[in-house]
Amino acid sequence: AQSVTQLGSHVSVSEGALVLLRCNYSSSVPPYLFWYVQYPNQGLQLLLKYTTGATLVKGINGFEAEFKKSETSFHLTKPSAHMSDAAEYFCAVSGPYQAGTALIFGKGTTLSVSS
Amino acid sequence: KAGVTQTPRYLIKTRGQQVTLSCSPISGHRSVSWYQQTPGQGLQFLFEYFSETQRNKGNFPGRFSGRQFSNSRSEMNVSTLELGDSALYLCASSPGQGPNEKLFFGSGTQLSVL
């Protein structure tokens with residue numbers, strides 16, 4: 001069965017510091033993996049996704065993630081945090097259905113950025 | 001292009017009532033899915049429609065239902081509301097129905113059940 005675990009419900013960094021948000025997944029089939037971001041009072045926006053091919057995926061706003069099959073991980077990083085990065089981040093894996101867009105989401109990690 | 005539009009933005013109902021939420025996808029998108037977001041359970045998949053057909057359904061009771069119209073607009077209905085149904089309901093659309101699709105989310109409908 002598909003599942004996602006995000007380690008740390010809340011991460012705090014200083015502006016300019018490295019951002020590291022952790023995500024581990026479980027999937028019975030080769031997974032498609034996603035990171036979405038949610039700003040207050042808004043819907044979710046796709047940051048990046050892994051489908052096949054290159055394991056280092058670059059996304060919007062300077063974020064990237066690396067798919068590590070041996071570790072079943074898909075951690076999100078950004079070299080230098082900006083105040084505007086403060087938001088809630090969700091890791092997701094494609095659902096257990098043979099077709100369709102359904103996603104299984106992690107519980108989310110709230111990122112705080114201080115000046 | 002206009003984004004995914006959900007109406008209403010806020011809704012207050014009492015236990016036992018029913019409610020209908022509406023979602024207009026991005027023009028040209030044929031897949032619409034619904035998610036429930038709560039502080040305790042997080043984001044949970046409700047159901048997905050493609051070309052007016054329900055493709056998949058999450059693990060929710062039969063009180064939760066939905067449909068999609070020929071113009072791809074979708075509605076979800078919750079009957080006999082319970083306090084635990086209080087949540088943010090998010091609609092998402094995508095052009096296709098593959099598992100690697102990028103989902104475009106609306107801002108959601110915040111439902112409060114009193």
Side-chain angles (χ1 to χ4, degrees), chain A residues 1-10 23 25 27-54 57-60 67 74 87-110, chain B residues 2-7 9-10 21 23-26 29-51 53-60 66 68 74 88-110:
Chain A
Q2 271 75 349
S3 67
V4 173
T5 302
Q6 291 185 240
L7 300 174
S9 59
H10 198 159
C23 172
Y25 71 91
S27 178
S28 55
V29 297
Y32 297 112
L33 294 161
F34 307 79
W35 275 99
Y36 281 84
V37 61
Q38 185 176 33
Y39 298 101
N41 300 315
Q42 294 186 28
L44 281 71
Q45 178 184 2
L46 180 68
L47 280 175
L48 49 82
K49 65 176 179 177
Y50 169 78
T51 54
T52 57
V57 181
K58 295 187 184 299
I60 62 171
F67 171 63
F74 191 56
E88 190 160 19
Y89 292 79
F90 294 92
C91 181
V93 65
S94 45
Y97 309 102
Q98 289 188 343
T101 65
L103 296 176
I104 307 298
F105 284 91
K107 296 287 190 185
T109 298
T110 299
Chain B
V4 177
T5 303
Q6 291 188 245
T7 55
R9 185 70 178 90
Y10 300 95
L21 312 182
C23 172
S24 294
I26 291 172
H29 286 193
R30 296 168 62 191
S31 176
V32 173
S33 51
W34 289 87
Y35 291 81
Q36 181 195 66
Q37 185 176 22
T38 60
Q41 298 298 317
L43 280 153
Q44 294 185 286
F45 170 72
L46 279 158
F47 28 65
E48 174 184 2
Y49 290 86
F50 186 84
S51 295
T53 301
Q54 187 178 87
R55 294 303 306 269
N56 297 301
K57 190 178 192 315
N59 189 25
F60 279 82
Q68 186 180 32
S74 177
L88 179 67
Y89 290 87
L90 292 166
C91 168
S93 74
S94 62
Q97 54 178 330
N100 60 346
E101 291 279 343
K102 172 182 178 180
L103 299 184
F104 295 80
F105 284 83
S107 297
T109 293
Q110 184 67 56

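Side chains are part of it too, since the values below use all heavy atoms of this structure and drop only hydrogens, waters and symmetry mates. Order of the sequence lines sets the chain letters (A, B, ...), proteins ahead of strands, with each chain counted from 1.
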Calculate, to the nearest 0.5 Å, the distance between atoms OH and CG belonging to B:Tyr35 and A:Leu103 respectively. 4.0 Å

Please state whether the side chain, the backbone, both or neither of B:Glu48 comes within less than 4.5 Å of a heavy atom of chain A. side chain

Residues at least two apart in sequence or cross-chain that pass side chain to side chain donor-acceptor pair (under 3.5 Å) with B:Gln6, listed by chain then number, are none

Measuring from A:Phe34:CZ to B:Glu101:CD, what's the distance to the nearest 0.5 Å? 8.5 Å

Can you tell which part of A:Thr51 gets under 4.5 Å to a heavy atom of chain B, answering side chain, backbone, both or neither? side chain

Which heavy atom of A:Ser94 sits nearest a heavy atom of B:Pro99, and at what distance? CB-O, 3.9 Å

Quick one: pull up CG in A:Leu47 and NZ in B:Lys102 and give me the separation to the nearest 0.5 Å. 10.0 Å

Would you call B:Gln110 and A:Asn41 a side-chain contact if the rule is heavy atoms closer than 4.5 Å? no

Which residues pass the side chain to side chain donor-acceptor pair (under 3.5 Å) test with B:Gln54, not counting sequence neighbours? B:Tyr49

Determine the minimum heavy-atom distance between A:Lys49 and B:Asn100, stating which atoms define it. NZ-O, 2.5 Å

To the nearest 0.5 Å, what is the distance between CG (B:Leu103) and OG1 (A:Thr101)? 5.0 Å

Residue part contacting chain A, namely of B:Leu88, when any heavy atom lies under 4.5 Å: side chain

I want to check something: taking the side chain as every heavy atom from C-beta on, are A:Tyr36 and B:Leu43 in contact at a cut-off of under 4.5 Å? no

